[in-house]
Structures are given as structure tokens and as C-alpha cells.
Asks: 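Could you have a look at this structure, given as C-alpha cells, before my questions?
Below, chain A is the first sequence line, B the second, and so on; all start at residue 1.
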Amino acid sequence: MAVLEILTYPDTQLKQESVAVEAFDTALQNFIADLEETRLAGPGAVGIAAPQVGRFQRIVIVDVSKMKRPVANHGHLILVNPEITSWEGYAVGREGCLSVPDYTGNVIRAERIHLIAFDPTGERREYAMEGFEARAIQHEMDHLDGLLFLDRLVSKRNDLFRRKVFK
Amino acid sequence: MNWFMLTLVGEDQPAIVAKLTTTLFEGGCNLGEAAMARLGGNFSIMLMVQHSGSVESLETLIAPVAQALGLHLHADRIEGHLHRHLIPDVRVTVYGADRAGIVAQVTSALSSVGFNILDLQSDVGGSDAKPVYIMTLEGQAHDGIEAVEAALGDIAREGIAVDVQSIETLIG
């Protein structure tokens with residue numbers, strides 16, 4: 001196991017598209033272990049994508065189960081070749097990125113998604129997700145297509161935040 | 001190169017930012033963080049400027065263009081640092097029929113529970129006859145969001161709409 005080096009913008013490799021995983025083998029398992037160790041070594045990241053460490057394969061890890069303020073979640077997720085099959089609703093939320101240190105900004109994401117992915121052994125999985133977990137998945141999956149949250153920033157002066165009424 | 005905070009204020013017109021920043025760039029300056037706001041039809045901007053000289057030489061550089069644009073100019077030597085962003089964890093939105101004292105009341109209540117304001121935007125909308133005050137604040141609630149809600153409870157009961165939301169910043 002090893003903590004891998006995280007690519008940071010403006011490294012142009014982050015803008016490159018990743019390819020599907022074809023072999024669910026020991027090399028994949030070993031890489032996933034390193035990727036997870038790298039995520040945990042960073043400052044409180046709820047997710048990480050393979051291209052962030054210079055491996056341009058469609059692999060992401062997301063875990064929002066340990067938030068200070070708990071959110072709906074599916075636990076620790078390792079998603080190989082993930083695909084979002086449907087999107088619903090939208091919300092603005094604040095995001096930052098291991099690959100973009102010292103900057104956070106507001107981004108619009110779908111509020112609910114359906115997702116198909118493979119687990120590290122090649123088993124097909126399906127998920128219905130919402131809220132923060134759905135946001136994390138969309139953030140990580142953007143990396144697989146060479147997109148950063150910087151590509152989706154919206155104005156600070158906007159009124160799209162979901163409100164609840166103060167009683 | 002030293003850091004300076006350059007503030008310019010005056011009547012708004014198109015192309016102010018381009019003219020100011022071109023003069024600074026051609027004068028060998030580098031810009032850091034900046035914020036512009038148009039308040040009541042007035043242009044205002046604060047710029048972190050890296051400049052190899054003194055307050056006086058920076059003012060000499062920018063004064064002709066500022067004067068031509070009708071802008072008041074102020075420069076301060078600062079201990080500037082980039083990469084010192086703080087991440088807010090609570091957003092407070094306040095609105096209501098405008099009256100004097102809303103900001104003082106809200107921010108005093110926030111201050112009493114250790115809330116550190118990182119960003120404040122406010123506007124007066126509505127009409128002259130019925131002005132509406134709207135303010136959005138973001139900051140760090142050192143005593144937690146519940147303390148913020150409790151501190152603003154009295155203001156909410158006075159008919160000012162108060163909304164307190166936690167900001168969960170996703171790092172991925």
C-alpha cells in the first residue's frame with residue numbers, strides 16, 4: 001500500500017478522459033487500496049477518482065458515511081466503470097477538490113441520480129442516490145471525463161440555495 | 001515585491017476595471033485577490049496589488065487613470081498572503097421591510113455566539129415607498145449552527161425573515 005501523488009491543476013493530465021477498466025484483477029485491487037489510502041491521507045476528502053493520481057481508468061471511491069452531520073448514504077463505495085442513468089432535480093452546493101487546493105466554489109448538481117457500476121470484483125451494482133452522496137459521485141465522475149468543479153462554477157450572487165423556513 | 005490594498009471608489013461607468021488593471025500591469029504590478037461591488041450606482045473595488053515600490057509610488061502610478069475616471073483612491077501597505085482561504089460552514093439569509101439597525105442587530109447576535117463573518121452581501125430592493133432589506137452572510141459558526149439559530153430567534157420573532165443553513169463543503 002502506498003499514498004500516491006495527487007495531480008493538481010493546472011496539470012493538463014486532469015483534463016484527459018479516462019478509459020473503462022477491463023480486467024478485474026489483482027493489479028486493480030492493489031491500485032484501489034492505494035487510491036483509498038491516498039484519499040484518507042488528504043484533508044477530509046469524501047471521494048477520489050483514479051485520474052487524480054495519474055491513472056486514467058474509470059474508477060472512483062466515495063464515502064459520505066462519516067460526515068459530522070450525517071447524510072443519506074450507501075457506505076463505502078468503490079465504483080468501477082460507473083454510469084449515471086438518470087438525473088432529477090438540481091441544487092447548488094459548495095465544493096473543493098484535492099486537485100484544486102485552497103479554493104472552494106458553488107456548483108450545481110443533480111439532486112437525485114440512478115447509477116450503474118461494477119464493484120472491484122466485477123459484480124454489477126445499481127444505486128439510487130440523493131443529496132450530498134449524489135453530489136460526491138457527480139464530482140468524482142466528472143474527473144473521469146476530464147472535468148473539474150472549476151468547469152461548473154456558478155456565481156456567488158445567486159439565489160438557488162434550497163431554503164427551509166426558520167421557525 | 002510588497003503587497004498593498006488598493007481601494008477605488010467613484011461613479012460607475014463601463015471599462016473602469018480594464019483601465020485600472022492595465023495601468024497596474026503595465027506598471028509592473030501583480031494582482032492577488034480582488035472584489036468589486038456596485039453599491040447604489042457607485043463603483044467600488046478592492047485589489048490586492050503586489051508592487052516593488054512604496055505606497056507613494058503606487059499612488060503615483062494609478063493616480064492619473066483614477067483621476068481621469070473620477071475615482072477616489074486609497075492605498076495601504078498590508079501583510080498580504082494568498083492561499084489563506086477559510087471555508088464557511090453556515091449561511092445566514094435575512095430579509096424584511098427595511099429599517100435602520102437590522103445589520104447591527106443581526107451581526108451583534110452572530111458575534112455573541114462566536115460567528116466569524118467571511119462574506120457579506122446586502123441589497124435594498126422593493127421601492128422607495130416600501131424598501132426591502134436583503135442580506136446574505138457566510139461564516140464560521142464556532143459554537144455550532146444551533147447557537148446561531150438560537151441567537152437569531154428574537155430577530156425572527158420581530159418579523160424579520162431569518163434563514164440559517166449549514167454549508168457542507170464537499171472535498172473530492
Asks: Would you say CZ of A:Phe31 has more than 12 non-hydrogen atoms from neighbouring residues, nucleotides or ligands within 6.0 angstrom?
Replies: yes
Asks: Kindly check if the number of other-residue, nucleotide or ligand heavy atoms within 6.0 Å of OH (B:Tyr95) is above 12?
Replies: no
Asks: Counting heavy-atom pairs closer than 4.5 Å to chain A, which one of B:Ile87, B:Ile167, B:Asp119 comes out on top?
Replies: B:Asp119
Asks: Counting only heavy atoms from other residues, nucleotides and ligands, does the tally under 6.0 Å from CD of B:Glu158 exceed 12?
Replies: yes
Asks: Where is the tightest heavy-atom contact between A:Arg69 and B:Ser166, given as atom of each residue plus distance?
Replies: NE-OG, 3.7 Å
Asks: Any heavy-atom pair between the side chains of A:Leu98 and B:Ile171 that's under 4.5 Å?
Replies: yes
Asks: Given a strict heavy-atom distance threshold of 4.5 Å, which part of A:Pro101 is in contact with chain B: side chain, backbone, both, or neither?
Replies: neither
Asks: Quick check: are there more than 12 heavy atoms from other residues, nucleotides or ligands sitting under 6.0 Å from CD of B:Glu11?
Replies: no
Asks: Which value, rounded to the nearest 0.5 Å, describes the distance between B:Glu168 atom CD and A:Lys68 atom NZ?
Replies: 8.0 Å
Asks: Decide whether A:Leu7 and A:Ile32 are clustered together by the hydrophobic rule: side chain heavy atoms of Ile, Leu, Val, Met, Phe, Trp, Tyr closer than 4.5 Å, transitively.
Replies: no
Asks: For the CD atom on A:Glu130, are there more than 12 heavy atoms of other groups (residues, nucleotides or ligands in this structure) within a distance under 6.0 Å?
Replies: no
Asks: Let me know if A:Glu140 has heavy atoms under 4.5 Å from chain B in its side chain, its backbone, both or neither.
Replies: side chain
Asks: Can you sort out the partners of B:Phe25 under side-chain contact (heavy atoms from CB on, under 4.5 Å), two or more places apart, ordered by chain and number?
Replies: none
Asks: As an exercise: rank B:Ala161, B:Pro88, B:Gly172 by heavy-atom pairs under 4.5 Å with chain A and give me the winner.
Replies: B:Gly172
Asks: Side chains of A:Arg94 and B:Leu170: closer than 4.5 Å at any heavy-atom pair?
Replies: no
Asks: Could I get the full list of salt bridge (Lys or Arg N to Asp or Glu O under 4.0 Å) partners for A:Asp11, not counting sequence neighbours?
Replies: none
Asks: Could you name the residues of residues 61-86 of chain B that have a heavy atom within less than 4.5 Å of a heavy atom in chain A?
Replies: B:His83, B:Arg84, B:His85
Asks: Any chance CE of B:Met46 has more than 12 other-residue heavy atoms, nucleotides or ligands included, within less than 6.0 Å?
Replies: no
Asks: Quick one: which of A:Arg39, A:Met67, A:Arg135 has the most heavy-atom pairs under 4.5 Å with chain B, could you say?
Replies: A:Arg135
Asks: A:Glu126: what forms a side-chain contact (heavy atoms from CB on, under 4.5 Å) with it, not counting sequence neighbours?
Replies: A:Ile116, A:Arg124
